[in-house]
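Below is one structure, written out as structure tokens, with a few remarks after it.
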2 protein chains.
Amino acid sequence: MKNIAIIEDDIELRELLDKYLSHQNEFSCKISVDSIEDFFEVLSEENKPDIILSDIGLPGKQGDESLRAIKEKLPEAEIVMLTVHDDPEKIFKCLQGGASGYLLKNSPLEEIKKYLSILADGGSPMSPRIARKVIEYFRPKQKLEKPLTEREYDIVVGLVEGLSYKMIADKYNISIDTVRQHIRNVYRKLNVNSKAEVITKKLRGEI
Amino acid sequence: MKNIAIIEDDIELRELLDKYLSHQNEFSCKISVDSIEDFFEVLSEENKPDIILSDIGLPGKQGDESLRAIKEKLPEAEIVMLTVHDDPEKIFKCLQGGASGYLLKNSPLEEIKKYLSILADGGSPMSPRIARKVIEYFRPKQKLEKPLTEREYDIVVGLVEGLSYKMIADKYNISIDTVRQHIRNVYRKLNVNSKAEVITKKLRGEI
DNA sequence: AATACAATCGCATAAAAATGCTATGAAAAT
DNA sequence: ATTTTCATAGCATTTTTATGCGATTGTATT
């Protein structure tokens, strides 16, 4: 029996969720409020939620700020963001901020229920649409006009690992001047002029 | 009607999948091979797959290398990795490499079918367990014993953006020596000694 | 045969980064 | 009241990076 908290300022949606979830045997819903502030107000030892359903775009606070606040008070709780948007950027931020999942507000109630069951079970609810977005987020956005060669790719990996030119040269048994040459070429292809930019691009999946 | 290709060296599993999927109305299975090499061998205009189910740990090639190879020949195809492991690091690599999804080999056949249907529909199959792993991957792993101050955080962001010390100094209207000082402190707290490592840590959610 | 590109190496130089040491004022904590 | 932390700053030195120019070899393509 998992205790759910709902933080959502659309009263209609909130009451719908509250009513629906309270009706299920697996869930109870002891907190149902319309803002983060109210949530902390109402929160007590007796009604600590296991799972928190929270609107991402609540007025006042930014989504990821409130996330951090909740995580700090209730590190054990699973947080699921409710949203109408499915902007990958936002999804990413929320997941980084500590959300365990992400649900579109227009999802059917049965789906929401199913998701919460999975969550209680240690999985993370993620609808296929959203999963696709998340995957797209850290996938190479577009092919480079000038793709990197294998060697150049090796060198990029070395840079990401924090190796110096010298260390990369040793790792691949080539001269440091060769490393320089490859890096020159990488910079030209990526249109950058520093290690930092290469690393950032690589880790953001742009290479 | 989607055409599936199966690349999997466990003959039993491969034939099971082949038989099962061919039986479904929505799918055909024109290619069923046990290595990437064979796959390219057999591939022709007539049997181009829409979806490729591929073992991640095929002998010979690394998972992500073969991914790249497939993506190059068949950029339109959806690739789903088959695996027994659910190592988040590997999952991440594959998704970065162009996989659209990721299935555990011991998944029930009905589940696999359902996933493939979703994939054909533009979503990305991701089991809750794996979704959880992926989410965990880009979530702050643990709080730093020595957390960064606001200013230090600013400087880190500057580094990630590819700014030089000089540019960071200008951005925040401080001296370049102050930037140096902050960076020194950041290095100490993170236990590193280069920009590269800071950027990597930041983008991997370790800060 | 000619062209293109990948991988290799060298030398030189300017710019940037890493590090050692020191220091001051303000704010926060003890 | 004293200590700690944060943000600020300067100076000097070594190491690393960024970049310009030139060059050879092998492989693949045309």
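To find a chain, count down the sequence lines: A is the first, B the second, and so on, and within it residues start at 1.
The line from OG of A:S32 to CG of A:D18 is 4.0 Å long, rounded to the nearest 0.5 Å.
Following rounding to the nearest Å, A:Y187 (OH) and D:dG20 (P) show an atom-to-atom distance of 13 Å. When the C1' atom of C:dA7 is taken as reference, atom CG of A:N185 falls 10 Å away, rounded to whole Å. Taking atom CD of residue A:E197 and atom C1' of nucleotide D:dA18, one finds them 12 Å apart after rounding to whole Å. In this structure, A:I168 places its CD1 atom 15 Å from P of C:dA7, rounding to the nearest Å. Atom pair B:I176:CD1 and D:dA7:C1' shows a separation of 17 Å (rounding to whole Å applied). Rounded to whole Å, atom C1' of D:dC6 lies 11 Å from atom CZ of B:R188. Atom pair A:I174:CD1 and D:dG26:P shows a separation of 18 Å (rounding to whole Å applied). Between B:I183 atom CD1 and C:dA16 atom C1' there is a gap of 11 Å when expressed in whole angstrom units.
Taking only side-chain nitrogens and oxygens, A:Y172 never comes nearer than 4.0 Å to OP1 or OP2 of C:dT8. One finds no side-chain N or O of B:H182 lying less than 4.0 angstrom from the OP1 or OP2 phosphate oxygen of D:dC6.
Surrounding NZ of A:K48 are at most 12 heavy atoms belonging to other residues, nucleotides or ligands under 6.0 Å away.
At a cut-off of 3.5 angstrom, counting only N and O atoms as typed in the model, there is a donor on one side and an acceptor on the other between the side-chain of B:D177 and the base of D:dC11.
Looking at A:E26 and A:S117, their side chains do bring a donor and an acceptor atom within 3.5 Å of each other. Looking at A:S194 and A:E197, their side chains do bring a donor and an acceptor atom within 3.5 Å of each other.
Relative to the side chain of A:Q181, the nucleotides C:dT19, D:dA7, C:dG10 differ in distance, and C:dG10 lies closest. The side chain of A:N193 lies closest to D:dT19, out of C:dC9, D:dT19, D:dT17. Listed candidates were D:dA7, C:dA18, C:dA7. Nearest to the side chain of B:S194 is C:dA18. Closest approach to the A:K189 side chain among C:dA6, D:dG10, C:dT19 is made by C:dA6 (side chain taken as heavy atoms from C-beta onward). Nearest nucleotide to the side chain of A:R180, out of C:dA17, D:dA7, D:dA18: D:dA18. Residue B:R184 places its side chain closer to D:dG10 than to any other of D:dG10, C:dC9, C:dG10. Closest to the side chain of A:T149, from the set C:dA12, C:dC21, C:dA6, is C:dA6.
In this structure, B:S164 and A:I155 both approach DNA chain C, and ranking their closest nucleotides by distance from the 5' end singles out A:I155.
When heavy atoms are screened at a 4.0 angstrom cut-off, A:S175 is found touching the sugar-phosphate backbone but no base atom. Residue B:T178 is in base contact, counting any heavy-atom pair closer than 4.0 Å across all strands shown. Contacts of A:K166 with the nucleic acid, taken as non-hydrogen atoms under 4.0 Å apart, are absent.
No donor-acceptor pair under 3.5 Å is formed between the side chain of B:S124 and the backbone N or O of B:G101. Distance alone, capped at 3.5 Å, is enough to place a donor-acceptor pair between the B:N3 side chain and the B:N47 backbone.
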